[in-house]
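Read through the structure below, which is laid out as structure tokens, and then see the notes.
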Amino acid sequence: AQKVTQAQTEISVVEKEDVTLDCVYETRDTTYYLFWYKQPPSGELVFLIRRNSFDEQNEISGRYSWNFQKSTSSFNFTITASQVVDSAVYFCALSEQGKELSFGAGTTVTVRA
Amino acid sequence: EAGVAQSPRYKIIEKRQSVAFWCNPISGHATLYWYQQILGQGPKLLIQFQNNGVVDDSQLPKDRFSAERLKGVDSTLKIQPAKLEDSAVYLCASSFEGGRNYGYTFGSGTRLTVV
């Protein structure tokens, strides 16, 4: 069985603050993939990152960074120096090899000017 | 490359009516997915196709929902008859392989309102 938990329903920050989104997953498979997607008000799902279960290196892309820890089954996402354009719903998702994406419930991030 | 195309973008129907959604995946993508996203929730898989065969339809309410993917390319999702609780965004996604290459690309979705 797959399960993704995003415990934070909503986060509100002031512009330039950092914000960290938590994601905890469950899987019995040893080969799996983790994803983060952004869903702005327009509704489309925008791919942010994919990480496979064998690569625990953290990754930084501009103001975005991801912390993958297999020991705690977590794949957390940090936005540094947030901007108003970062306001969106962010989804963490899990895929076991050959299977579909299972999404968490999402975290709504509101960045106030 | 062109993205995943979906139409219509919006649809409003009365309960008990029927509706159909269309999806054209990225060229060469063998795997196609339909997801339902109810307001305030994450997308949930309805059905997965590999070429023109169904891989997983365990979450599809088969008494009212049907889907097909003729010739392993375009796909249609139909609801007949619609219920109020079917109001949601229906997202289509495709990937090159359901296996090793996990590049899932989503379409813009069809927002269905059942009144």
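In what follows, chains carry the letters A, B, and so on, assigned in the order in which the sequence lines appear, proteins first and then strands, with residues in each chain numbered from 1.
Looking at heavy atoms from C-beta onward, B:T105 lies out of side-chain contact with B:S95 at the 4.5 angstrom threshold.
Across B:D56, B:L45, B:V89, the residue that shares the most heavy-atom pairs under 4.5 angstrom with chain A is B:L45.
Only the side chain of A:Q39 comes within less than 4.5 Å of a heavy atom of chain B; its backbone N, CA, C and O stay farther away. Heavy-atom distances place no part of A:T108 under 4.5 Å from chain B, backbone and side chain included.
Using a cut-off of 4.0 Å between Lys/Arg side-chain N and Asp/Glu carboxylate O, B:R64 and B:D86 are scored as salt-bridged.
Aromatic ring centres of B:F106 and A:Y37 lie closer together than 6.0 Å.
Ring geometry for A:F35 versus A:F47: interplanar angle over 60°, hence perpendicular rather than tilted (30 to 60°).
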